[in-house]
Amino acid sequence: METYRISIKGENSLHGETYVSGGKNTSLAVIPAVILCDEPCTIENLPDIEDIHVLYRILCHLGAKVDYNLEKKRMVIDPSTVNSVTVPYSFSQQMRASYYLMGALFGRFGHAEVGYPGGCAIGSRPIDQHIKGFTILGAEFSEGNGMLCLKGERNGNAVNFDMATVGGTINVMLAACRAKGNTILFNAAREPHVVDVANFLNSMGAKIRGAGTDTIRIKGVNRLHGTSYSVIPDQIETGTLMIAAAATRGDVLIRGCIPTHMEALTAKLLEMGVYVNSVDDCIRVRLNKGHRAIRISTQEYPGFPTDLQQPMSALLTRANGNSEVTENIFDNRFKHLDEMRRMGAKVTISGRVAYIEGVPELRGAPVNACDLRGGAALVIAGLMAKGITQVYNPDFIHRGYERIEDKLRSLGADIRLEACD
Ligand code: EPU
């Protein structure tokens with residue numbers, strides 16, 4: 001089988017306009033959520049990325065009728081024909097978000113058997129809070145042979161999460177929609193996609209209040225109806241494009257985004273001396289001189305997102321001065337910086353903190369993408385570097401960024417996907 005790499009000739013400033021695709025992490029929850037009803041639903045603005053293609057195959061495997069129009073970025077899903085509650089490991093291990101099939105299948109059928117989730121290796125990623133929530137709602141949980149099994153009644157109850165987990169909050173919210181009685185989720189995650197999934201569920205007739213705060217109240221209903229829904233734009237793609245514009249000292253207008261979701265990143269870019277201006281659903285990012293070193297510390301929303309830590313730390317390798325990056329959410333999310341050392345970056349990593357000494361120049365080199373956002377960080381490094389950078393394992397990047405090479409090329413980057421020698 002032919003393998004590919006992304007090849008970048010660096011040092012071109014990005015200029016012009018681009019647009020943001022639909023949200024990956026929202027879509028990955030909204031699509032399984034359709035299983036909770038038994039009428040056709042239309043989901044629009046889906047990003048054309050590998051994780052969505054995997055989910056499409058899983059839904060077909062479960063017996064749903066799915067009409068996936070890639071060009072129109074739309075899926076029409078009829079879940080009334082779902083005739084299985086089992087998602088084999090061969091499917092589930094292809095991505096992290098397969099865990100949402102647990103909440104969706106358990107919510108609808110009171111029974112789910114789903115293989116362990118896969119996803120980027122960015123540290124230990126337990127799902128104990130998901131299981132805790134399901135068992136509080138009445139599930140009996142068992143595991144064996146790589147499968148996670150939930151069975152039982154769904155009765156509303158109070159769930160107090162030990163930490164604000166995005167996946168756990170959404171998953172338990174899915175199951176609670178079809179539970180008998182009322183559920184309250186305390187210490188819920190507040191990320192924009194939690195709100196978007198709640199809006200989607202409410203458009204199917206669910207009764208959810210408080211999404212976007214740390215307390216979500218759900219009144220269970222017997223039945224959910226079909227709906228038509230368009231997912232929100234991708235917050236992390238927006239941020240990655242903003243950082244790429246700054247990294248190349250360019251001037252880029254990003255259309256179709258939600259600027260209020262970007263406040264933590266915008267504040268940090270402004271602190272670095274980058275010009276950021278938002279009007280309606282557009283953000284313009286511009287920089288024509290050097291940028292200052294800063295400190296960042298990842299937090300749950302509305303704090304600085306862990307998913308932008310990697311692209312941002314790539315940018316900081318070229319800042320004037322010493323930066324400090326603390327990763328509080330995942331315990332192994334600095335692998336891209338190890339790769340960037342080969343390009344001349346000066347970095348010391350101590351546990352969850354990366355100390356970055358800005359350098360005047362990066363040099364192109366062959367590097368390995370080890371995970372999705374780390375891969376995007378290496379692309380940004382390649383855009384900044386002198387000479388040619390080859391990013392191997394681009395599949396990681398394509399799992400979460402739609403047509404990233406095309407979008408960057410249309411802004412003036414010298415970037416292409418090529419077969420490896
Ligand atoms: N955690 C637990 N137990 C749980 C759940 C989470 O200990 O049951 C811990 C995690 O280990 C982590 C923290 O809680 O330290 C937060 O994890 P969270 O559950 O919020 O993350 P996730 O659901 O695994 C989603 C996104 C990630 C994003 C995080 C944080 C999806 C499919 N994934 O992961 O996205 O980094 O939330 O915002 O929605 C990415 O897009 O590149 C990506 C990794």
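First listed ligand is number 1; within each ligand, the first listed atom is number 1. These numbers were taken from a predicted model, which means no experiment stands behind them.
Contact annotation: the side chain of Phe109 approaches that of Val82 to within less than 4.5 Å [non-hydrogen atoms, C-beta and beyond]. Taking the side chain as every heavy atom from C-beta outward, Phe200 and Val231 never approach each other to under 4.5 Å.
Applying the 4.0 Å criterion to heavy atoms of Ile127 picks out, from ligand 1, the atoms 4 (C), 8 (O). Atoms of ligand 1 found under 4.0 Å from any heavy atom of His130 (numbered from 1 in listed order, with element): 8 (O). With ligand atoms numbered from 1 in the order given, ligand 1 contributes 18 (P), 19 (O), 20 (O), 37 (O), 38 (O) to contacts under 4.0 Å with heavy atoms of Val166. With ligand atoms numbered from 1 in the order given, ligand 1 contributes 22 (P), 23 (O), 24 (O), 31 (C), 32 (C), 34 (O) to contacts under 4.0 Å with heavy atoms of Tyr99. Per-residue contacts place Thr306 under 4.0 angstrom from the following atoms of ligand 1 (heavy atoms of the residue considered): 30 (C), 36 (O).
Checking Ser98 against Gln94 by side-chain atom types alone, no donor-acceptor pair falls below 3.5 Å.
Polar contact with ligand 1: present for Lys24 (N/O pair, distance under 3.5 Å). Residue-to-ligand polar distances place Ile329 within reach of ligand 1: an N/O pair is separated by less than 3.5 Å. At least one N or O atom of Gly167, backbone or side chain, sits closer than 3.5 Å to an N or O atom of ligand 1. In terms of N/O distances under 3.5 Å, ligand 1 is not approached by Leu372.
Taking only non-hydrogen atoms, the option from Gln129, Met163, Gln310 nearest to atom 1 (N) of ligand 1 is Met163.
Not a single heavy atom of Gly400 sits closer than 4.0 Å to an atom of ligand 1. For Gln299, the closest heavy-atom approach to ligand 1 does not fall below 4.0 Å.
Once rounded to the nearest 0.5 Å, the distance linking CG of Asp307 with CG of Leu265 reads 12.0 Å. Note that CD of Glu402 is 8.0 Å distant from CD1 of Ile49, once rounded to the nearest 0.5 Å.
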Between Arg352 and Glu327, is a salt bridge (Lys or Arg N to Asp or Glu O under 4.0 Å) present by the stated rule, with each step listed? CA-CA 5 Å; Arg352 286 180 178 263; Glu327 172 55 63; 5.2 Å; no

